[in-house]
Trainee: 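I have a structure I would like to understand better, so I am pasting it below and will then ask my questions one at a time.
Counting starts at 1 for both ligands and their atoms, following the listed order. Fair warning: this is a prediction, and the values are worked out from it, not measured in the lab.
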Amino acid sequence: MKFPHFFQIAKLRFNQTFFLKLIKLLGLVSLEDIAEHLNELRPKHGWFVREYAQKRYFFTEHNARKIQACRREIKGWYQKEWITYEERAVLLASLINSMDKVANTAGTYYAYLKTWHRKALINFKFEFIQPTLGKNSGSSFCEPAESLLSRRHFNIVYLDPPYNERSYPHYYHLPETIAQESTPCVHGMSGIHSNISSMSEFNKVKLAKQALIDVIDKARFDLLVFHYADNGIINNQDIVNILSNFQGLDEYYIDSKGYTTKEMPRDIKHHIYMVQNA
Ligand SMILES: C[S@@+](CC[C@H](N)C(=O)[O-])C[C@H]1O[C@@H](n2cnc3c(N)ncnc32)[C@H](O)[C@@H]1O
């Protein structure tokens, strides 16, 4: 999906050299001025407002109009070549992150809540994602793990594929649409678009185990960290068998609140497996 890729660009690549051209062209001084500029835009009507505030209550109409105005402004900047691909990625990831703080949802975009959640009534405010401070900048790739892993050797590979049948493109369709800058035909209560990407093999009971074998087969690494849930599609014994081709299996557990549609969170155990290559 494109939107997590954009989040990674914001976290790993965003630095002080970003947005210098835009700041100059808009006659601004700093990055904060860009956020202020976006927050002062006149709210706009459009596809996003119709689908996600008027027909479905994901956002209050006022917030949807503010988000729509940001969408249009960012798109215009990119069309005029005032921002680069990576700068657009930072802006869109920041827009999605800011929008999430006022979404009338229980976490994912699969459904909106029947009554307005407290956070949905807060006024939308665009805020930049803060990059992770590190000595070196990172890289972000947007492609199937199996193709990336087969291209080069990695010191550490951390894999946390989906562990149940809930498909990410369905649950996070709205952030993805924002990242794609599209205005698709959408349907149903959740407003999912018709050409949603297909489910990952990891989401399919019959294919998940083979998908893991294929990915691990192609990967070249010193250390593999594999993160999965104990009640996931692939059972623990199968995972241990798949990893038995490597050395020194170490296992750790992390307590976690599982996703649930019921009122009470479900406790699930997250399992970390670590193995090394000889
Ligand atoms: C449990 S989530 C991991 C989330 C991520 N570690 C994070 O913290 O944001 C699983 C992710 O794997 C992605 N995915 C599913 N199949 C994949 C594949 N074959 N290659 C790469 N990513 C895949 C899903 O879209 C989803 O974003």
Side-chain angles (χ1 to χ4, degrees), residues 1-14 89-90 92-94 96-97 99-101 103 105 107-110 129-132 134 138-152 154 156-180 190 192-193 195-221 223-234 236 239 242 252-260 265-274:
M1 296 176 80
K2 222 169 187 159
F3 95 87
H5 170 56
F6 285 181
F7 268 74
Q8 295 305 327
I9 292 175
K11 283 289 190 189
L12 299 175
R13 301 199 50 81
F14 182 19
V90 171
L92 289 174
S94 301
I96 293 165
N97 199 42
M99 154 189 123
D100 203 48
K101 293 183 184 155
T105 61
T108 77
Y109 287 85
Y110 203 66
I129 288 181
Q130 295 303 311
T132 302
S139 305
S140 171
F141 302 92
C142 186
E143 61 184 277
E146 43 281 20
S147 78
L148 174 61
L149 287 174
S150 60
R151 269 211 315 277
R152 51 169 275 199
F154 292 89
I156 301 174
V157 169
Y158 168 79
L159 289 176
D160 67 336
Y163 52 80
N164 55 32
E165 290 177 272
R166 285 191 286 270
S167 138
Y168 278 78
H170 285 79
Y171 274 73
Y172 296 98
H173 64 93
L174 194 41
E176 187 63 5
T177 299
I178 303 284
Q180 305 264 3
S190 26
I192 288 184
H193 57 91
N195 296 325
I196 199 94
S197 3
S198 56
M199 251 192 206
S200 164
E201 293 189 345
F202 286 98
N203 292 120
K204 298 181 184 166
V205 173
K206 288 193 177 143
L207 302 179
K209 185 174 147 192
Q210 191 55 45
L212 180 61
I213 293 172
D214 291 346
V215 167
I216 292 184
D217 246 16
K218 292 201 177 95
R220 287 177 292 132
F221 54 80
L223 178 72
L224 171 71
V225 183
F226 179 62
H227 176 175
Y228 209 65
D230 261 3
N231 60 351
I233 295 175
I234 313 172
N236 178 53
I239 295 170
I242 294 168
Y252 303 90
Y253 280 102
I254 305 171
D255 283 324
S256 165
K257 297 285 177 214
Y259 176 82
T260 177
R266 203 185 319 140
D267 286 324
I268 51 165
K269 287 257 183 241
H270 278 248
H271 203 139
I272 306 282
Y273 305 77
M274 296 210 306

Trainee: For residues Tyr109 and Asp100, is any side-chain donor paired with an opposing acceptor at under 3.5 Å?
Mentor: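 There is such a pair (donor and acceptor under 3.5 Å, judged by atom type) between the side chains of Tyr109 and Asp100.
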Trainee: In a simple table, one pair per line, please give the protein and ligand 1 atom names for every N or O pair closer than 3.5 Å, along with the distance.
Mentor:
unit_1   : atom_1 : unit_2 : atom_2 : d
ligand 1 : 6 (N)  : Asp160 : OD1    : 2.8
ligand 1 : 6 (N)  : Asp160 : OD2    : 3.0
ligand 1 : 16 (N) : Ser200 : OG     : 2.7
ligand 1 : 19 (N) : Glu146 : OE1    : 3.4
ligand 1 : 20 (N) : Ala145 : N      : 2.8

Trainee: Between His170 and Tyr110, do the side chains contain a donor N or O and an acceptor N or O under 3.5 Å apart?
Mentor: no
Trainee: Establish, from distance only, whether the side-chain atoms of His193 and His173 form a donor-acceptor pair under 3.5 Å.
Mentor: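 No, because no side-chain N or O of His193 sits under 3.5 Å from a partner of the opposite role on His173.
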Trainee: Would you say the ring centroid of Phe221 lies under 6.0 angstrom from that of Phe154?
Mentor: no
Trainee: Would you mind writing out the side-chain donor-acceptor pairs for residues 5-14 within the sub-3.5 Å range, not counting sequence neighbours?
Mentor:
unit_1 : atom_1 : unit_2 : atom_2 : d
His5   : ND1    : Ser140 : OG     : 2.8
Lys11  : NZ     : Gln130 : O      : 3.1
Arg13  : NE     : Glu86  : OE1    : 3.3
Arg13  : NE     : Glu86  : OE2    : 2.7
Arg13  : NH1    : Gly138 : O      : 2.7

Trainee: Are the aromatic rings of His270 and Tyr228 close, with centres under 6.0 Å apart?
Mentor: no
